[in-house]
Peer 1: 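Quick one: the structure is below, and I'll ask about it shortly.
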Amino acid sequence: MSFPTKSEREACWQSRDKYWECLDLNADEAKQCLETRSVYENLCPAQWVKHFDRKRKYLQFKEKIEKEGYDPVEAANWK
């Protein structure tokens with residue numbers, strides 16, 4: 001795989017941002033955003049999609065911790 005050009009990278013980032021915006025507007029209901037997800041996956045390399053998906057989950061987790069604090073009892077129940 002060759003590295004994407006500047007315009008390809010910008011198109012990828014824009015499609016990612018549109019997809020994330022769709023998820024935000026639809027309370028993370030992925031079914032509502034299938035079309036934007038498809039565009040996102042077509043414009044971004046697969047490894048980038050995987051990275052960005054993980055990054056979104058991390059950012060959501062970080063935001064939750066900052067708002068609600070960390071509850072070690074609840075975290076233990078996730079195992």
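Since the model is a prediction, treat every value here as computed from it, not as a measurement.
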Peer 1: Any chance you could lay out the side-chain hydrogen bond (donor to acceptor under 3.5 Å, both in side chains) test for D53 and Y58, step after step, and finish with the verdict?
Peer 2: CA-CA 9 Å; D53 288 347; Y58 167 75; over 6 Å; no
Peer 1: In Å, rounded to the nearest 0.5 Å, how long is the span from CG of D17 to OG1 of T36?
Peer 2: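 D17 CG to T36 OG1: 11.5 Å, rounded to 0.5 Å.
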Peer 1: Side chains of R56 and D24: closer than 4.5 Å at any heavy-atom pair?
Peer 2: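 Sidechains of D24 and R56: in contact.
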Peer 1: Where is the tightest heavy-atom contact between Q32 and C22, given as atom of each residue plus distance?
Peer 2: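 Answer, listing the atom of Q32 first, then C22: O-SG, 3.9 Å.
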Peer 1: So P4 and C12, do their side chains get closer than 4.5 Å, heavy atoms only?
Peer 2: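 No; the side chains remain at least 4.5 Å from each other.
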Peer 1: Do the side chains of L23 and W13 join up, straight or via other hydrophobic residues, at under 4.5 Å, putting them in one cluster?
Peer 2: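 Per the 4.5 Å side-chain linkage, L23 and W13 are co-clustered.
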Peer 1: Using side-chain heavy atoms (C-beta onward) and a distance below 4.5 Å, is R9 in contact with F3?
Peer 2: yes
Peer 1: Is there a side-chain contact between V49 and R54, using heavy atoms and a 4.5 Å cut-off?
Peer 2: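 In short, these two side chains do not touch, never coming nearer than 4.5 Å.
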Peer 1: Quick one: pull up OG in S15 and NZ in K18 and give me the separation to the nearest 0.5 Å.
Peer 2: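 Output value for this atom pair is 8.5 Å.
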Peer 1: Just verifying a value: how many Å separate L43 CG and E10 CD, rounded to the nearest 0.5 Å?
Peer 2: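 So the CG of L43 and the CD of E10 are separated by 12.5 Å.
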Peer 1: Measure the SG-NZ distance between C44 and K50 for me, rounded to the nearest 0.5 Å.
Peer 2: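 Reported to 0.5 Å precision, the distance equals 15.5 Å.
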Peer 1: Check whether W48 and L59 end up in the same hydrophobic cluster, where Ile, Leu, Val, Met, Phe, Trp and Tyr are linked by side-chain heavy atoms less than 4.5 Å apart.
Peer 2: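 The answer is yes; both residues are in one hydrophobic cluster.
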Peer 1: Heavy-atom count around E8 CD within 6.0 Å, excluding the residue itself: above 12?
Peer 2: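 Atom CD in E8 is packed in, count exceeds 12.
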Peer 1: With R16 as the cation and F52 as the aromatic partner, state whether NZ or CZ is under 6.0 Å from the six-membered ring centre and within 45° of the axis.
Peer 2: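 Cation-pi check for R16 and F52: passes.
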Peer 1: Just wondering, do K64 and Q60 contact through their side chains at under 4.5 Å, heavy atoms?
Peer 2: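 Q60 vs K64: side chains apart.
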